[in-house]
Amino acid sequence: MQTLAPAVERNQKQQRSGGLSCQRTPPPPGCFTIQLLMVFLWAAASLAFLPLVLPPLPPPPLSLLLVPVCLLAVLVALAFVPLDAHNNVVGSSCL
């Protein structure tokens, strides 16, 4: 008969005796918990209902509006900058 590791045996004994019955096991990674679902529902409700309740805000100053426009212009310019592919070769080619 195969014996279990001492830590596993000790864990099983504690579970049988009720030693671990009060402890919660953490949820597996990548799963939604009830608390996280409540935060998502609260955020969705606030995004849906707060604009209906709050008064409209005045438009921001022109200098603040230029920030996203300048960022977009820089990103478009970087998208069309030619890439020097000769310096970015990882491996050698076989002929």
Side-chain angles (χ1 to χ4, degrees):
M1 183 172 187
Q2 186 180 12
T3 60
L4 297 173
V8 174
E9 287 179 6
R10 190 177 330 111
N11 196 7
Q12 287 178 350
K13 287 178 185 177
Q14 285 178 347
Q15 285 178 348
R16 279 188 232 126
S17 67
L20 293 177
S21 62
C22 295
Q23 294 179 356
R24 281 192 197 168
T25 59
C31 291
F32 288 109
T33 61
I34 298 296
Q35 291 87 3
L36 189 60
L37 184 64
M38 294 302 292
V39 168
F40 286 154
L41 288 175
W42 179 82
S46 66
L47 287 174
F49 294 118
L50 280 179
L52 300 174
V53 177
L54 295 176
L57 297 174
L62 184 62
S63 60
L64 194 60
L65 288 176
L66 287 176
V67 170
V69 174
C70 292
L71 284 174
L72 182 65
V74 169
L75 289 174
V76 168
L78 286 175
F80 291 107
V81 170
L83 178 65
D84 187 13
H86 296 292
N87 292 336
N88 296 329
V89 175
V90 176
S92 62
S93 62
C94 296
L95 294 174

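- Summarising the local packing, CG of Leu75 is surrounded by more than 12 heavy atoms from other residues, nucleotides or ligands at distances under 6.0 Å.
- The minimum heavy-atom distance linking Ser46 with Pro51 is given by the pair O-CD, 3.8 Å.
- Taking CG of Leu54 as the reference point, atom CZ of Phe49 lies at 13.0 Å (rounded to 0.5 Å).
- Of the inter-residue distances, the one linking Leu65 atom CG with Leu62 atom CG reads 6.0 Å to the nearest 0.5 angstrom.
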